Amino acid sequence: MINIKTLIALSLVLSILSFSSMAYADSKPWVWSWWGSHWENLDFVPYLEDGKRPHGSQWEESKWKPEHWEAQRSDALDVVKGFYTADILRDQYVDNDLPVLEVGPAFYMLGGQDKRRVVEMVDYVYGVTSNKLFGMFMLYDWKTERAIGAYTQYGLQLQ
């Protein structure tokens, strides 16, 4: 004779099996992958950094310019204000005649290319590297107040 618990468990399993057969999906060739046609016509290019190439040359092929971000806002200064609002940048000041850009915690959450773009945008707005021969500015960490890199006419160099 079947007890009540076994009968409930059996009916529960049968109802789950009957509902699971209602869903339709193409089968996979095996559990851990999709058919080759699944990956066709995808235009997504991974936004990954190459660990073997230096940061300065890694994005040479990029066609990005600060004017692209400026066109999305009322002006270029508005873009920089957004960096402060997002806590990507914290402060800017002069230390012993050397301009300093203090980065906030959100700066570290950016990928290498976006770090370069943010700093390039700041230079575009204030013209530090273009207004002075061999112009440059240092990047300082907001918490430790130590230098983490520099921006020159050749681009961003991070330590």
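Predicted, not measured: the structure shown is a model, and the values here were computed from it. Position 1 is the first residue of the sequence; numbering continues from there.
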If I take atom [atom1] from residue [X] and atom [atom2] from residue [Y], how far apart are they, to the nearest 0.5 angstrom?
X	Y	atom1	atom2	result
Phe137	Tyr93	CZ	OH	13.0 Å
Leu110	Lys115	CG	NZ	7.0 Å
Leu156	Gln113	CG	CD	12.0 Å
Glu102	Asp95	CD	CG	11.0 Å

Checking [X] now: which residues fulfil side chain to side chain contact (heavy atoms under 4.5 Å, CB included) with it, not counting sequence neighbours?
X	answer
Ala147	Met138, Tyr140
Thr6	Ile2, Asn3
Pro66	Trp64, Glu120, Met121, Tyr124
Lys65	Glu67, His68

Problem set entry | Contacts of type salt bridge (charged side-chain N to carboxylate O under 4.0 Å, His left out), residue Asp78, not counting sequence neighbours |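 By the salt bridge (charged side-chain N to carboxylate O under 4.0 Å, His left out) rule, Asp78 matches Arg73.
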Taking all non-hydrogen atoms of both residues into account, name the closest pair between [X] and [Y] and its distance.
X	Y	result
Ala106	Ala86	CB-O, 3.4 Å
Asp87	Arg90	OD1-NE, 2.6 Å
Ala150	Met136	CB-CE, 3.7 Å
Glu70	Asp75	CG-C, 4.0 Å

For this session: Without swapping roles, check the side chain of Asn96 against the backbone of Leu98 for a donor-acceptor pair under 3.5 Å.
Result: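 No, the answer is negative, given that no donor and acceptor are paired below the 3.5 Å cut-off.
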Exercise. Can you list every pair that meets side chain to side chain donor-acceptor pair (under 3.5 Å) and has a residue in residues 126-139, with sequence neighbours left out?
Worked result: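 Matches after skipping sequence neighbours: Gln92-Tyr126, Asp123-Thr129.
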For this session: Could you point out which residue of Ile88, Leu139, Leu158, Asp114 forms a side chain to side chain contact (heavy atoms under 4.5 Å, CB included) with Val119?
Result: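 Answer after filtering Ile88, Leu139, Leu158, Asp114: Leu139.
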Problem set entry | Beyond-backbone contact of Tyr108 with Ile148, side-chain heavy atoms, under 4.5 angstrom |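 Yes, their side chains come closer than 4.5 Å.
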Exercise. Are Met109 and Val80 grouped together when hydrophobic residues (ILVMFWY) are joined by side-chain heavy atoms under 4.5 angstrom apart?
Worked result: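 Each belongs to a different hydrophobic cluster.
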Exercise. Should Tyr84 and Val125 be regarded as members of a common hydrophobic cluster, given that ILVMFWY residues are connected when their side-chain heavy atoms come within less than 4.5 Å of each other, either directly or indirectly?
Worked result: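 In one cluster with Tyr84: Val125, yes.
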